[in-house]
Structures are given as C-alpha cells and as structure tokens.
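Encoded as structure tokens, the structure appears first; notes follow it.
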Amino acid sequence: MSYVELDGKDLPAYCPNPAMPMWSSHPRITIPLDHHHTGKCPYCGTVYRLKEGAVVRGH
C-alpha cells in the first residue's frame, strides 16, 4: 500500500496535499488519524501515516 508519510510538523493532515497535481483536486478536508496513526481521504483514497518516531505537539 502506498501512503503519504507525515511528520509532527505536518499536522493537522489535510487532503489534497501540496504535492498533488491540480487536476486531481477535490475539496480540502482534514484527515483524522486513528490510533494506528493512519487516516484515509474519503474523496481520493490517499492514505496518510505518521512517520515512526515523529514528535507530535499539541494534537
């Protein structure tokens, strides 16, 4: 499975992310991460995952 890795400074996660091309845009939404530190966009199916050892502050 492919995914977008996030660091603590990348939170809150949102989709589409800045690396996505304009043609694949959809409304911008925040992606909640579950207890496994992953989340999936309901529009495009992109999976987001927090990097191993990432420091999360204030979330």
Restricting to non-hydrogen atoms, name the atom on [X] and the atom on [Y] that form the minimum distance, rounded to 0.1 Å.
X   : Y   : answer
E5  : D10 : O-OD2, 4.4 Å
L33 : Y48 : CD2-O, 4.1 Å
C44 : C41 : N-SG, 3.5 Å

Checklist entry - Would Y43 and I29 count as a side-chain contact (heavy atoms from CB on, under 4.5 Å) if you check the C-alpha gap in whole Å, the side-chain angles of each, and the deciding distance to 0.1 Å? => result CA-CA 9 Å; Y43 285 103; I29 61 168; 3.8 Å; yes
Checklist entry - What's the spacing between L50 CG and D7 CG if we round to 0.5 Å? => result 7.5 Å
Checklist entry - Of V47, I31, T30, which is the lone residue that meets side chain to side chain contact (heavy atoms under 4.5 Å, CB included) with C15? => result I31
Checklist entry - Same cluster or not: are Y14 and V56 linked, directly or through other Ile, Leu, Val, Met, Phe, Trp or Tyr residues, by side-chain heavy atoms under 4.5 angstrom apart? => result no
Checklist entry - Do V4 and M20 sit in the same hydrophobic cluster, where Ile, Leu, Val, Met, Phe, Trp and Tyr count as joined when their side-chain heavy atoms come under 4.5 Å apart? => result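 V4 clusters together with M20.
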